[in-house]
Amino acid sequence: MSTVSTVVGGISFWYAQEGTPAPREPLPGDTSVDVCIVGGGYTGLWTAYYLKKAVPFLNITVLEAKFCGYGASGRNGGWLYNGIAGRDRYAKAHGHDAAVRLQKAMNETVDEVVRTAAEEKIDADIHRGGVLEVAHTPSQLARLKDFHSVEIAFGETDRVLRGARETAERVHVTGAVGSTWTPHGARLHPAKLVKGLADVVEALGVTIHESTPVTEIKPKHAVTPYGTVRAPYVLRCTEGFTASLKGQKRTWLPMNSSMIVTEPLPARIWDTIGWEGRETLGDMAHAYFYAQRTADDRIALGGRGYPYRFGSATDNDGRTRPETVAALCDLMVRLFPTTAGVHVDHAWSGVLGVPRDWCATVTLDRSTGLGWAGGYVGSGVATANLAARTLRDLIQQDSGQAGPTDLTALPWVNHKVRRWEPEPFRWLGVHGMYAAYRAADRRESTSPRPGTDPVARVADRIAGRH
């Protein structure tokens, strides 16, 4: 597949298609507000939305370094689904019932985003086709069946296990030997959602300042080159860009993920693939892929590529290495052979936030007024909404406007995570981990045995994922 004329970078295909938003004014100088939110992605904007809806008189300001949705919120794979990073660890620490409550909240969050987008007239190409995850090898099939059983144990009684033939009837993924499907998922257009949400938030009376990078967050202060915003509550909603803040270099690791999107595919190709339900699609590999069939009949597909830049650096407007683009193109043709020869219109990258224990968290420090949410490890499209509603409840509780709620009692609230190792250990560890995962996937692809490759198990333990 030729990628000579593929657009690389430019933030993302979603913005190339939708257009970047008209710039909002930067912070004009020092100011004081009730709540200052740092970061104009899903987490920050949803938090502003729910706070302003709950307490209309609040003076809320959002500070964004580039423009709203510049980060992962405008570059992701468009998976609105019920996965949350760290649930198994929360089950061990707080008990199975607590983790079930967390999972139920995530299931309901998918409904909440769909409902709110419709209520606020945000057209984000949302299609509720659920989530289909396939297995290609005996080892993947064994993991898939285990995964399916575990999800049912956490309350997903509407989840469905399918064999090879039933899977092919939904989506014809070459070599798929089985799949698991949940209805708690939807496909969407990331940039349309974040742009629409920013407009709605602004219309509610929230002030958004773009082109305003925050260099330091401290109690009651958000410091920028244009002035300082003072507020009783300062909320950090910066996900993969957290390392750019003073003192936060080792808080969350900015993990790279890359994507490609094809030209719109003709009916003759879709006839060979199926995918009429437009489920979001993934697999059970250690270095897994994620994909969607877009509203205009393209395939958008992503994977890890080059996982991490030294020193927690982030990319420049989504620039992606040629070898990563080629690898994703090859993967797509392996999955869907009839796509050989189709043009790949765009390739891009972005960063997601990874805590040292791979657990998403939402926190409000009542002694300082500092709050934060994130560490979604790539599952943030829905989780950001749950985090935002939880931050709303925590602030209302702290300010005496309301008492504890079901959300403030969830096990991920105020979870503490140790910091990542200093360089060069971070770089060596992440690259070594993904090299191990890729090697494990290669060995599993030729092994008739169903067990997970031992190297992958060791990598999981060293990484702290299990």
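For reference, positions follow the sequence shown, starting with 1. Because the structure is predicted, anything quoted here is derived from the model rather than measured. We use all heavy atoms of the structure for the numbers below, so side chains are in, but hydrogens, waters and symmetry mates are not.
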Quiz item: Checking side chain to side chain contact (heavy atoms under 4.5 Å, CB included) against C68, which of I208, L197, D199, V201 comes through?
Solution: I208
Quiz item: Does any N or O in the side chain of R236 come within less than 3.5 Å of the main-chain N or O of V38, such that one atom is a donor and the other an acceptor?
Solution: no
Quiz item: Does atom CD of E276 have more than 12 heavy-atom neighbours from other groups under 6.0 Å away?
Solution: no
Practice problem: Would you check if the side chain of E133 reaches a backbone N or O of S179 as a donor-acceptor pair within less than 3.5 Å? | Solution: no
Quiz item: Does the side chain of H136 come within less than 4.5 Å of V173's, by heavy atoms?
Solution: yes
Quiz item: Can you tell me how far the OG1 atom of T180 sits from the CZ atom of R159, to the nearest 0.5 Å?
Solution: 4.0 Å
Quiz item: Can you tell me how far the NZ atom of K246 sits from the OG1 atom of T215, to the nearest 0.5 Å?
Solution: 8.5 Å
Practice problem: Establish, yes or no, whether a centroid distance under 6.0 Å links the rings of Y434 and H286. | Solution: no
Self-check item: Contact summary for V113 and W46, nearest pair of heavy atoms
Solution: CG1-CZ2, 4.2 Å
Practice problem: List the steps and the verdict of side chain to side chain donor-acceptor pair (under 3.5 Å) for S139 and R443. | Solution: CA-CA 10 Å; S139 294; R443 281 191 291 271; over 6 Å; no
Quiz prompt | Residues that S379 engages under side chain to side chain donor-acceptor pair (under 3.5 Å), provided they are two or more places apart | solution = Y81
Exercise. Indicate yes or no for a side-chain donor-acceptor contact from T6 to the backbone of V344 under 3.5 Å, with no hydrogens or angles considered.
Key: yes
Exercise. Answer yes or no: does atom CG of D406 have more than 12 heavy-atom neighbours from other residues, nucleotides or ligands under 6.0 Å?
Key: no
Quiz item: Considering residues at least two apart in sequence or located in another chain, which fulfil the salt bridge (charged side-chain N to carboxylate O under 4.0 Å, His left out) criterion with R293?
Solution: D297
Self-check item: Distance in Å, K145 NZ paired with H148 NE2, rounded so as to fall on 0.5 Å steps
Solution: 10.5 Å
Exercise. Could you grab the distance from atom OG1 of T280 to atom CG of L132, nearest 0.5 Å is fine?
Key: 8.0 Å
Quiz item: Distance-only, no hydrogens or angles: does the T137 side chain make a donor-acceptor pair with backbone N or O of Q140 under 3.5 Å?
Solution: yes
Quiz item: Counting distance only, does the side-chain N/O of S312 pair as donor-acceptor with the main-chain N or O of P254 below 3.5 Å?
Solution: no
Quiz item: Looking only at atom types and distance, does a side-chain atom of K195 sit under 3.5 Å from a main-chain N or O of G19, one as donor and one as acceptor?
Solution: yes
Quiz item: Tell me, do R101 and L410 make a side-chain contact under 4.5 Å, heavy atoms counted?
Solution: yes
Exercise. With sequence neighbours left out, write down each residue that passes ring pair (Phe, Tyr, Trp, His ring centres under 6.0 Å) with H346, or none if nothing qualifies.
Key: W348
Quiz item: Of all residues at least two apart in sequence or in a different chain, which pass the side chain to side chain donor-acceptor pair (under 3.5 Å) check with D315?
Solution: R75
Quiz item: Is R87 salt-bridged to E151, going by a charged N under 4.0 Å from an acidic O?
Solution: yes
Exercise. Return yes if a side-chain donor-acceptor contact under 3.5 Å exists between S349 and Y306, otherwise no.
Key: no
Quiz prompt | Beyond-backbone contact of N76 with Y290, side-chain heavy atoms, under 4.5 angstrom | solution = no
Quiz item: For R165, does the CZ atom sit with more than 12 other heavy atoms under 6.0 Å from it, leaving out its own atoms?
Solution: no
Quiz item: In terms of side-chain heavy atoms, does Y49 have a donor or acceptor partner in T116 at a distance below 3.5 Å?
Solution: no
Practice problem: Using atom types as modelled and distance alone, determine if a side-chain donor or acceptor of H415 lies under 3.5 Å from a backbone N or O of A360. | Solution: no
Quiz item: Given the rule in the ring pair (Phe, Tyr, Trp, His ring centres under 6.0 Å) test, do H172 and F336 qualify, once you have shown the distances and angles that lead to the verdict?
Solution: CA-CA 8 Å; H172 193 271; F336 309 114; 8.8 Å; no
Quiz item: Would F67 and Y15 count as a close aromatic pair, with their ring centres under 6.0 Å?
Solution: yes
Quiz item: With sequence neighbours left out, which residue pairs that include part of residues 260-270 fulfil the side-chain hydrogen bond (donor to acceptor under 3.5 Å, both in side chains) condition?
Solution: none
Quiz item: Just how far is it from atom CG of L386 to atom OG1 of T109, taken to the nearest 0.5 Å?
Solution: 4.0 Å
Quiz item: Does the side chain of H184 reach to within under 4.5 Å of the side chain of V131, using non-hydrogen atoms?
Solution: no
Quiz item: Taking only residues two or more places apart in sequence or in another chain, which ones pass ring pair (Phe, Tyr, Trp, His ring centres under 6.0 Å) with F289?
Solution: none
Quiz item: Do side-chain atoms of S244 reach the backbone of T242 as a donor and acceptor pair under 3.5 angstrom?
Solution: no
Self-check item: Cation-pi check, R187 onto W275 ring (under 6.0 Å, within 45° of axis)
Solution: no
Self-check item: Within 45° cone of W420 ring axis and under 6.0 Å: R250 NZ or CZ
Solution: no
Quiz item: In this structure, which one of K104, E156, E108 forms a side-chain hydrogen bond (donor to acceptor under 3.5 Å, both in side chains) with N82?
Solution: E156
Exercise. Verify, without hydrogens or angle tests, whether W252 (side chain) and R419 (backbone) share a donor-acceptor contact under 3.5 angstrom.
Key: no
Exercise. For D393 and Y50, test the side chains for any donor-to-acceptor distance below 3.5 angstrom and give the result as yes or no.
Key: no
Quiz item: Are R128 and D111 ion-paired here, with the side-chain N under 4.0 Å from a carboxylate O?
Solution: yes
Exercise. Could you verify whether a donor N or O on one side chain and an acceptor N or O on the other, from H127 and D125, lie under 3.5 Å apart?
Key: no
Quiz item: When you measure from the side chain of S257 to the backbone N and O of G303, does any donor-acceptor pair fall under 3.5 Å?
Solution: yes
Practice problem: May I ask you to decide if the ring planes of W427 and F310 are parallel, tilted or perpendicular, using 30° and 60° as cut-offs? | Solution: tilted
